Participant: 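I have a structure I would like to understand better, so I am pasting it below and will then ask my questions one at a time.
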2 protein chains.
Amino acid sequence: MVTIYDIAKQANVSAMTVSKVINNTGKISEKTRSRIKKIMEEMNYVPNSMARSLVLQETKMLSLLIPDITNPFFTTLARGAEDAAMRLGYKLLFGNSDESLTKEKEYVDMILSTRVDGVLFSAASDLSGPHLQTLRLHRIPFVLLDRAVPGHECDTVTGDSREGARKLVEHLISLGHRRIALVNGSLAVSTARDRLAGYNDALKLNDIAVDDTLLLESNYKHFEDGPLLRSMLELPDPPTAVFAGNNFLAVGLIRKLLELGVRVPEQMSVVCFDDLGASVIDPFFTVASQPAYQFGAMGIQLLVDRIKGATTPEWKKIVLPSELVVRSSSAPPPAE
Amino acid sequence: MVTIYDIAKQANVSAMTVSKVINNTGKISEKTRSRIKKIMEEMNYVPNSMARSLVLQETKMLSLLIPDITNPFFTTLARGAEDAAMRLGYKLLFGNSDESLTKEKEYVDMILSTRVDGVLFSAASDLSGPHLQTLRLHRIPFVLLDRAVPGHECDTVTGDSREGARKLVEHLISLGHRRIALVNGSLAVSTARDRLAGYNDALKLNDIAVDDTLLLESNYKHFEDGPLLRSMLELPDPPTAVFAGNNFLAVGLIRKLLELGVRVPEQMSVVCFDDLGASVIDPFFTVASQPAYQFGAMGIQLLVDRIKGATTPEWKKIVLPSELVVRSSSAPPPAE
DNA sequence: TCAATTAAGTTTATCGATAACCCCAATCTA
DNA sequence: TAGATTGGGGTTATCGATAAACTTAATTGA
């Protein structure tokens, strides 16, 4: 590889002079400057960012850790982060933890040794706490995305899950539903707890008693509780609507319902959090739509501000609203 | 940050001794070894991979450039690449070119300055040639994924698009269709040309004349030619089936058909390349399903072999078959 | 028993780039 | 016209880790 020294030799100057030309610092005559630039082009010189990072003590790289690279919510978020990072002169190192703590730990180790300047962290669950501790211990700035981790105060960009959930459930109630099930992600994830809280809010506001038999805890990657769903449907007073904790849960749920011969929305309404992206033929779900792209973009902004110290010491907490989008997966309950 | 020198001082040994402990090289007594290891843990030492890369002249990082991070085909491919890379001890730097040459060039520049050990490259189009030249000039090994670039011999992992397309179209023909339209990606992309070729093969094999008015060139990200579709439908002898070049084209196409009041598959059959991933409620499309995960995994394997010189000089060309999966988007043509 | 090994470390140079400081001649200034 | 300034550049040390060569003391072998 061509180095700064090769250029220097060719141009009959010192390496320092070349460095100054590259960085536009110091005093260099216009003549030498253009001569050196020409030689750099001819020799296809590209600065070695490793060497530069070593002395400057910054890599201009940020890391984005997401729990599910196949979920459109997170890929859209990733695009937002990527665009923002590029615009601010940073590269983005993606990581996909697959909702697994083990994989997440491997990524954290990698992040440390790569000496990225900061991390955008969408935690696998509350148990990610130690990983955040590790980052803090090494003084690597980070911003939590989408999911909060109790006991870890820091900059965050989250959605208003509680409010979004309330709106979804009140929408169902306004359609006439009284028996509403909740198929949720793991309660070890903050958004799942918030969505549960919003669900409870809506029921309380409308004087509907919470019935634990209608609550089902699965996980955000796949809907996994077919048997429980079945027994729920066999209840003397079965639900007429389901609120699914996220998009993939809703998809899994509907697949199961189809298998069981339950028609949506005629026999069962289904609503959920998060859109399904471009890969869906017929926007079908009534959803609380979150601005995924903004999550990423604002997260990067916050992170870079923090890295540059261009912000106040207090932790910034950005809460993005979600929008209720009514489509055809929700309808009034079947007549008795 | 804690360095190897801090550890050395604490342990009363030279930095080199610590380095040897880290890398398990040289002769170090078991006593000193464990003492140093303990100190490293206590001080939370993490090796600086920049410094290491600088001297070793390798980064243990690979780069994966994909054209559309929102497409399930590519995210699945990315997961395959990620898993394989991790398994082989490499980190993966993702890049998303968004099918744009400009963005692609930015990534190539970044790749060069980051000194990654190799690149998995899914080219935006044939016009990506110069970018490959740049990589070659700097002697960075690369493997082309999914899309070939004419005039650039190298290791590749591609799908058998031609054969897959033929199977899809012959499936339609076997259902009784004779007027079959092709809604394709840009012909500047090799897969689109191969799929066109497969389409032609199928027609020829079945003595059906190719009709240019049934050919529509769009792009793989979104279906964009509503007007042309409309006029195609108003032909005296309109198509009864459409072969879409990829999953997103099929989705866009069906949305348009729904708008126009054309029912699928009753009035129009639709088949396409590539699955739609987990985000789809009801697997609906008849597709040529490609092993996306394998694309990524085998690409990494090929790349690492090439980097390590553990392969013969000839270019390896892996062609993965696709599988015809018949579902409900295809049916016999409507009766006259 | 004495040279030859070996075990266990240490010293020095290096990767590529940059910060901080130094140097010299030309120009300016009072 | 002597001293100060400045334009244009060079020297040296440094970032953190490692390879290669070098020390020493202990052990081995014939």
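Model, not experiment: these values are computed from the prediction. We name chains A, B, ... by the order of the sequence lines, and we start the count at 1 in each one.
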Participant: I'd like to know if A:K91 pairs up with A:D117 as an ion pair, taking the criterion as any Lys NZ or Arg NE/NH1/NH2 lying under 4.0 Å from an Asp or Glu carboxylate oxygen.
Facilitator: no
Participant: Starting at atom CE of B:M1, determine the distance to atom C1' of D:dA17, rounded to an integer number of angstrom.
Facilitator: 15 Å
Participant: Any side-chain N or O of B:Q57 under 4.0 Å from OP1/OP2 of C:dG16?
Facilitator: yes
Participant: Measure the distance from NZ on B:K9 to P on D:dG16 and round it to the nearest whole Å.
Facilitator: 12 Å
Participant: Ion pair present between B:E106 and B:K103, side-chain N to carboxylate O less than 4.0 angstrom?
Facilitator: no
Participant: Does the side chain of A:K60 come under 3.5 Å of the side chain of A:S49 through a donor N or O and an acceptor N or O?
Facilitator: no
Participant: Closest to the B:V13 side chain: C:dT10, C:dT18, D:dG10?
Facilitator: C:dT10
Participant: Could you give the distance from CG (B:L88) to CG (B:L62), rounded to the nearest 0.5 Å?
Facilitator: 8.5 Å
Participant: Any side-chain N or O of B:T32 under 4.0 Å from OP1/OP2 of C:dG9?
Facilitator: yes
Participant: Rounded to whole Å, please give me the gap between CE in B:M43 and P in D:dG16.
Facilitator: 13 Å
Participant: Please figure out whether A:T17 or B:I22 has its closest DNA chain D nucleotide nearer the 5' end.
Facilitator: A:T17
Participant: Please report the distance, rounded to the nearest Å, between CG in B:L54 and C1' in C:dT14.
Facilitator: 9 Å
Participant: Can you tell me the distance, in whole Å, between the CD1 atom of A:I7 and the C1' atom of C:dT18?
Facilitator: 16 Å
Participant: Let's see if you can work this out: which of D:dC15, C:dG9, D:dG10 has an atom nearest to the side-chain heavy atoms of A:M16?
Facilitator: D:dG10
Participant: Measuring to OP1 and OP2 of C:dT18, would you say a side-chain N or O of A:N23 lies under 4.0 angstrom away?
Facilitator: yes
Participant: In whole Å, what is the span from the CE atom of A:M50 to the P atom of C:dG16?
Facilitator: 13 Å
Participant: Would you say B:Y45 places a side-chain N or O within less than 4.0 Å of OP1 or OP2 belonging to D:dA17?
Facilitator: yes
Participant: Can you tell me if A:T3 touches the phosphate of C:dC15, counting only side-chain N or O atoms and a distance under 4.0 Å to OP1 or OP2?
Facilitator: no
Participant: Does A:K27 put a side-chain nitrogen or oxygen below 4.0 Å from OP1 or OP2 of D:dG7?
Facilitator: yes
Participant: Do the side-chain N and O atoms of B:D83 and B:Y293 include a donor-acceptor pair separated by under 3.5 angstrom?
Facilitator: yes
Participant: On a plain distance test, is the side chain of A:K31 in donor-acceptor contact with the base of D:dG8 below 3.5 Å?
Facilitator: no
Participant: Give, for atom CG of A:L64 and atom CZ of A:F121, the distance between the pair rounded to the nearest 0.5 Å.
Facilitator: 10.5 Å
Participant: Separation of A:N24 atom CG from C:dA19 atom P, in whole Å?
Facilitator: 13 Å
Participant: Any side-chain N or O of B:T25 below 4.0 angstrom from OP1/OP2 of D:dT18?
Facilitator: no
Participant: Please pick, from D:dT18, D:dA21, C:dA17, the nucleotide with the shortest atom-to-atom distance to any side-chain atom of A:N48.
Facilitator: C:dA17
Participant: Looking at A:S29, does any N or O in its side chain come under 4.0 Å of the phosphate oxygens OP1/OP2 on D:dG8?
Facilitator: no
Participant: A:S14 side chain N/O closer than 4.0 Å to the phosphate oxygens (OP1, OP2) of D:dG10?
Facilitator: yes
Participant: Rounded to whole angstrom units, what separation is found between the CG atom of B:N12 and the C1' atom of C:dT10?
Facilitator: 13 Å
Participant: Side chain of A:Y5 only, please: which of D:dT11, D:dT18, C:dA17 is the nearest?
Facilitator: C:dA17
Participant: So which one's nearest nucleotide on DNA chain C is more toward 5', A:K20 or A:V2?
Facilitator: A:V2
Participant: Both A:V55 and B:L56 contact DNA chain C. Which one's nearest nucleotide lies toward the 5' end?
Facilitator: B:L56
